[in-house]
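The chains referred to below are lettered A, B, ... by the order of the sequence lines, with proteins before strands, and numbering in each begins at 1. The figures that follow rest on heavy atoms only: side chains count, while hydrogens, waters and symmetry mates do not.
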Amino acid sequence: MSKNLVIVESPAKAKTIEGYLGKDFTVKSSYGHIRDLAKGNGSIDIDKGFEPNYIISEDKKQLVKDLQKAAKKAEVVWLATDEDREGEAISWHLYETLNLTEENTRRIVFSEITKSAILKSIEHPRKVDIDLVNAQQARRILDRLVGFDLSPVLWKKIKPGLSAGRVQSVAVRIIVDREREIMAFNSEAAFRVVGEFKASGLPVKAVLNKRFKSEEEARLFLEESAQATHAVTSVETKPASRKPAAPFTTSTLQQEASRKLGFSVLKTMRVAQTLYEAGHITYMRTDSTNLSDLALEHAENVIGELYGTQYQERRQYTGKKAKGAQEAHEAIRPSVMANKDVPGERDAVRLYDLIWKRTVASQMANAKLQNTTAIINVSARPEVFTAKGQVIEFDGFLKLYLEGNDDEGEEQDKDRLPAMAVDQLMDRDRIVATERFSKHPPRYTEASLVKNLEELGIGRPSTYAPTISTVQNRGYVEKKDHDGTPRDYRVLELEKTTVSDRTDTENTGVERSKLFPTDIGMVVNDFLVKHFEQIMDFNFTADVEAKFDIIAQGQLDWRQMLKDFYQGFKLNVTDTQENAERASGERVLGDHPEKGKTILVRIGRYGPIAQIGGADDEEKEFASLLPDQKLETITLEEAIDLFKLPRKLGEFEDKVVVAAIGRFGPYVRYDGKFVSLKKDSDDDPYTITLERAIELVKAKIEADAKALIKVFEEDDTVRILEGRYGPYIKAGKKNVTIPKTEDAQAIDWARAQELIEEHAKKPPRARGRKKS
DNA sequence: CAGTGAGCGAGCTTCCGCTTGACTT
């Protein structure tokens with residue numbers, strides 16, 4: 001055993017560092033935090049100055065034993081956890097649990113994994129910084145207090161099992177606020193006018209500086225333009241330059257992978273993890289854009305070789321640090337800059353390519369451009385056309401990489417403009433006025449939500465992806481596509497001297513993989529905003545972070561900080577527990593035309609429902625809202641329709657046939673069998689006839705019979721069926737796959753029982769919807 | 001896997017931030 005034990009957080013890092021340090025050093029990993037607050041309510045003793053009760057996490061017990069053993073044998077233990085608040089706390093927990101002493105312990109830090117940085121850190125050890133540790137304790141305890149005090153309020157006032165927290169609740173608020181903005185948005189139409197001209201035979205497109213509110217105005221403009229002349233009144237050329245984007249942080253990597261590769265944030269992190277473990281990239285959870293000197297040098301060499309020295313421009317992106325950034329690591333970059341690509345799966349290859357290009361481009365020269373603006377007048381009118389052109393004089397970094405953007409606006413490509421001189425007359429080809437509608441602000445993607453959270457300083461690189469999953473798993477937010485609706489728009493066109501018009505159709509409001517708040521998400525959000533303004537404020541995290549920083553500087557006692565916060569917060573919680581009304585998102589829509597009772601919608605035990613009959617009515621009827629219906633927008637008519645189902649169609653061989661809409665869409669039910677109505681068919685549960693339903697049922701029975709391989713005499717609820725993934729045993733509601741090596745036909749009762757038992761022993765698979 | 005929705009009360013849920021496995025479909 002070697003004399004020195006070095007402990008880092010990540011095992012991949014441990015492997016790399018071991019290679020740099022030689023045989024006198026053993027490097028081990030803590031796999032992140034090793035201790036945390038105990039589970040239940042006894043984890044913080046508030047009366048004793050918020051005394052925390054830490055326990056070793058269940059899955060870390062063996063690891064801690066191993067580390068204790070190694071520490072005992074070593075002469076010196078080097079705590080080399082990350083150089084940030086959490087890293088300092090991990091070192092402290094290690095110090096405490098491994099029974100280390102000041103004499104045999106050194107705390108070292110390095111923010112890049114290069115040999116020189118690590119050797120340098122060994123020469124400059126320090127002690128564990130207890131002030132920084134205290135800042136982390138305050139952070140940890142505050143989060144527990146907020147989460148575990150708020151959540152039970154929701155269980156009581158809204159629904160059991162709900163959750164709230166400093167980070168997740170604000171994330172939901174961002175989504176809900178945007179949805180309300182969209183609901184309140186009124187689209188306005190205006191005619192956008194584009195002129196197509198020719199200058200010395202070359203085409204020029206120009207946009208009018210005015211949009212017309214009405215078709216009449218647009219038509220008048222075109223009619224008056226018919227006889228008008230068009231002359232250039234000014235041409236201006238200005239030099240411009242563009243600079244490359246900074247190297248990737250976790251947040252910007254997630255955004256670019258979403259825009260350019262269509263990855264979810266979870267997928268980006270999973271793929272990045274494999275690249276990291278394979279040694280292809282540096283650490284993927286970082287808030288820093290820094291590159292090591294070594295990386296800068298190598299990038300410069302690569303650029304010189306590939307493109308020439310005029311493309312090199314060494315730079316460090318220190319300017320705009322994200323709020324609350326702690327910069328414990330480098331930016332995400334290729335480990336070896338010279339590797340233009342790496343072997344591996346398609347997604348890994350594509351993500352690496354993105355990282356390589358972004359990193360290299362960040363060290364390339366600015367692009368130099370010439371922007372030209374030409375103004376073209378209309379002799380008969382005061383409005384003018386503007387033509388914009390762009391010439392790239394020197395492409396610089398654009399040769400390699402251009403950052404994507406989230407705007408869905410109609411940016412037109414800017415090309416080179418033909419030579420034009422002032423007073424030159426233009427030939428007019430045509431002028432087109434197109435009706436355009438203003439667009440509501442876009443819904444968030446996972447990645448654009450992360451961007452927003454990062455700007456607010458909420459959450460950390462390691463939690464962006466899990467937070468996005470949490471708010472979806474809790475049912476507050478769902479990721480969906482929005483199909484869009486067709487909309488007519490008018491087009492007026494002046495060609496030669498005649499103005500023609502037509503109506504075209506466009507699909508409006510198409511959105512893919514966007515985040516929508518659910519009804520329960522909105523009700524919970526509104527409740528929290530109403531009663532816990534402080535926590536729900538977008539600046540809450542920034543405010544407490546400022547206090548954590550003061551604690552870290554040794555200027556504020558962490559227990560005092562918690563006391564100051566908790567006094568008011570606790571009062572707020574008890575007051576809400578006792579006095580706030582239950583929140584159900586109830587909305588009265590009106591009266592039922594025949595029954596005279598009120599119809600309302602609200603959150604029920606299993607989700608949003610419509611209800612006939614108010615609180616005073618003895619008899620009530622209930623119906624679930626359909627998946628695309630929302631409490632806030634459903635109309636009285638739509639609610640009344642919900643009660644038309646389930647529809648009894650009639651009887652077939654003495655058994656009823658019913659049509660309805662269930663969790664998986666519209667269906668017909670007969671004799672315990674469910675037949676789904678295909679989405680793109682003409683079958684509709686409101687109108688389907690008994691005859692058609694029977695036809696579908698018969699087809700289903702036939703298909704089932706075909707899939708049936710065997711029924712056991714011993715118990716006819718146990719059958720062997722042919723399914724999508726091959727043959728399987730169906731025992732009641734349980735499905736058991738048959739191993740591919742076995743002949744389904746030959747399985748007897750005894751073997752079937754064996755397979756079922758084996759299946760029962762296996763741990764239940766994690767289902768996405770259920771809590772883990 | 002498709003039918004529920006009162007109120008009672010058992011016993012449960014819940015936070016954020018560090019890390020990687022070992023599980024199937």
Side-chain angles (χ1 to χ4, degrees), chain A residues 8-14 29-37 39-41 43-44 57 59-60 63 81-82 84-91 93 136 139-156 159-169 270 273 276-277 283 285 326 328 458-464 466-467 470 474 535 541 584 602-611 613 615 618-624 645-646 658-669 672-676 724-725 733 735 737 759 762-768 771:
Chain A
V8 296
E9 292 182 36
S10 147
K13 201 167 164 180
S29 158
S30 75
Y31 291 80
H33 274 293
I34 54 160
R35 290 203 305 188
D36 191 17
L37 291 173
K39 258 193 167 178
N41 284 335
S43 54
I44 303 165
S57 323
D59 54 337
K60 295 289 168 62
L63 173 79
T81 52
D82 293 349
D84 58 17
R85 199 165 62 206
E86 297 298 325
E88 203 68 20
I90 293 173
S91 274
H93 283 296
Q136 192 275 347
R139 198 281 305 157
R140 178 67 191 94
I141 292 168
L142 180 133
D143 280 337
R144 168 60 68 82
L145 292 172
V146 169
F148 277 37
D149 272 353
L150 282 188
S151 299
V153 178
L154 300 181
W155 305 343
K156 184 173 174 197
K159 217 173 86 156
L162 297 173
S163 68
R166 174 177 59 82
V167 173
Q168 60 167 283
S169 295
R270 269 207 297 248
Q273 179 86 29
Y276 169 66
E277 284 172 8
Y283 196 57
R285 289 187 275 265
Q326 306 196 13
I458 298 174
R460 303 279 311 130
S462 68
T463 60
Y464 295 137
T467 299
T470 300
R474 294 269 172 274
I535 308 293
T541 291
S584 70
R602 63 178 175 88
I603 300 267
R605 196 133 89 88
Y606 304 100
I609 53 168
Q611 176 181 328
E618 284 259 314
E619 290 202 353
K620 299 182 184 73
E621 285 177 71
F622 303 97
S624 292
L645 297 177
V658 174
I661 298 177
R663 209 146 78 77
F664 307 102
Y667 65 88
V668 175
R669 194 179 71 220
K673 267 194 179 2
F674 292 90
V675 187
S676 291
R724 215 148 50 99
Y725 308 108
K733 285 191 171 179
N735 293 341
T737 22
H759 175 84
K762 284 182 191 163
R765 62 212 147 89
R767 272 192 242 156
K771 49 215 147 195

- Query: Which of these, R140(A), R460(A), R139(A), sits in a side chain to side chain donor-acceptor pair (under 3.5 Å) with E86(A)?
  - Reply: R139(A)

- Message: Does either side chain, that of R144(A) or that of S43(A), offer a donor lying less than 3.5 Å from an acceptor on the other one?
- Response: yes

- NA contact type, P646(A), heavy-atom cut-off 4.0 Å: base, sugar-phosphate, or nothing? nothing

- Query: For E277(A) and dG21(B), what is the distance between atoms CD and C1' respectively, to the nearest whole Å?
  - Reply: 9 Å

- Query: Is a donor-acceptor pair below 3.5 Å formed from side chain R140(A) to base dC15(B), judging by atom type as modelled?
  - Reply: yes

- Task: Considering only NZ, NE, NH1 and NH2 on the basic side and carboxylate oxygens on the acidic side, decide whether R285(A) and D82(A) come within less than 4.0 Å.
- Result: no

- Message: Quiz question: going by heavy-atom distance under 3.5 Å, is there a donor-acceptor pair between the base of dC16(B) and the side chain of R139(A)?
- Response: yes

- Query: Stacking check: are the rings of F148(A) and dC15(B) less than 5.5 Å apart at their centres and under 30 degrees in tilt?
  - Reply: no

- Message: Students often get this wrong, so: under 4.0 angstrom with heavy atoms, is A164(A) touching a base, only sugar-phosphate, or nothing?
- Response: sugar-phosphate

- What is the distance from CG of D36(A) to C1' of dC18(B), rounded to the nearest Å? 10 Å

- Task: Verify the contact: side-chain N or O of R285(A) to OP1 or OP2 of dT19(B), cut-off strictly under 4.0 Å; return yes or no.
- Result: yes

- Task: For G607(A), answer base if it contacts any base atom (sugar-phosphate contacts may also be present), sugar-phosphate if it contacts only those atoms, and nothing otherwise; contact means non-hydrogen atoms under 4.0 Å.
- Result: base

- Would you say S163(A) reaches dC15(B)'s phosphate, i.e. side-chain N/O to OP1/OP2 under 4.0 Å? yes

- Query: Has the side chain of S169(A) got a donor or acceptor atom that lies under 3.5 Å from a matching backbone atom of R166(A)?
  - Reply: no

- Touch check for Y283(A), heavy atoms < 4.0 angstrom, all strands: base, sugar-phosphate only, or nothing? sugar-phosphate

- When you measure from the side chain of T463(A), which nucleotide among dC18(B), dC15(B), dG17(B) comes out closest? dG17(B)

- Task: Taking all heavy atoms of Q168(A) and all of S163(A), pick out the closest pair and write down the distance.
- Result: OE1-OG, 2.8 Å

- Message: Reading DNA chain B from 5' onward, which residue's closest nucleotide shows up sooner: Y276(A) or R669(A)?
- Response: R669(A)

- Item | Length of the CD1-P vector between I535(A) and dC16(B), whole Å | 11 Å

- Item | Minimum-distance nucleotide (side-chain atoms of S462(A) versus dT19(B), dT13(B), dG5(B)) | dT19(B)

- Message: Whole angstroms only, please: what is the CG-P distance between L37(A) and dC18(B)?
- Response: 15 Å

- Task: Answer with base, sugar-phosphate or nothing: what part of the nucleic acid does Q136(A) contact at a heavy-atom distance below 4.0 Å?
- Result: nothing

- Query: With sugar-phosphate meaning primed atoms plus P, OP1 and OP2, does R144(A) contact a base, only sugar-phosphate, or nothing at under 4.0 Å between heavy atoms?
  - Reply: base

- Query: Ignoring hydrogens and geometry, is there a side-chain-to-backbone donor-acceptor pair from S151(A) to A164(A) under 3.5 Å?
  - Reply: yes

- Please give, in whole Å, the distance from dT13(B) P to R474(A) CZ? 11 Å

- Item | Among dG17(B), dA2(B), dT19(B), the nucleotide that comes nearest once only the side chain of D82(A) is considered | dT19(B)

- To the nearest angstrom, how far is Q611(A) atom CD from dT4(B) atom P? 14 Å

N/O-N/O pairs, protein side and nucleotides 6-9 of chain B side, under 3.5 Å:
none

- Message: Test your reading of the model: is there a side-chain donor-acceptor pair from K60(A) to the backbone of Y31(A), 3.5 Å cut-off?
- Response: yes

- Query: Roughly how many Å is it from CG in D59(A) to P in dG21(B), rounded to a whole number?
  - Reply: 12 Å

- Message: Please pick, from dT14(B), dG17(B), dT20(B), the nucleotide with the shortest atom-to-atom distance to any side-chain atom of S151(A).
- Response: dT14(B)

- Message: Expressed as a whole number of angstroms, how long is the span from Y31(A):OH to dG21(B):C1'?
- Response: 9 Å

- With a non-hydrogen cut-off below 4.0 angstrom, is S29(A) in contact with a base, only sugar-phosphate, or nothing? nothing

- Item | Touch class at under 4.0 angstrom, heavy-atom based, for G32(A) against every strand present | base

- Task: Assign V146(A) to base, sugar-phosphate, or nothing according to its heavy-atom contacts below 4.0 angstrom with the strands shown.
- Result: nothing

- Item | Inter-nucleotide C1' distance (dT13(B), dG9(B)), Å rounded | 16 Å

- Message: Looking at Q326(A) and R85(A), would you say the former's side chain and the latter's main chain have a donor-acceptor pair under 3.5 Å?
- Response: yes

- Message: Donor-acceptor pair, distance only, cut-off 3.5 Å: does the side chain of T463(A) make one with the backbone of G459(A)?
- Response: no

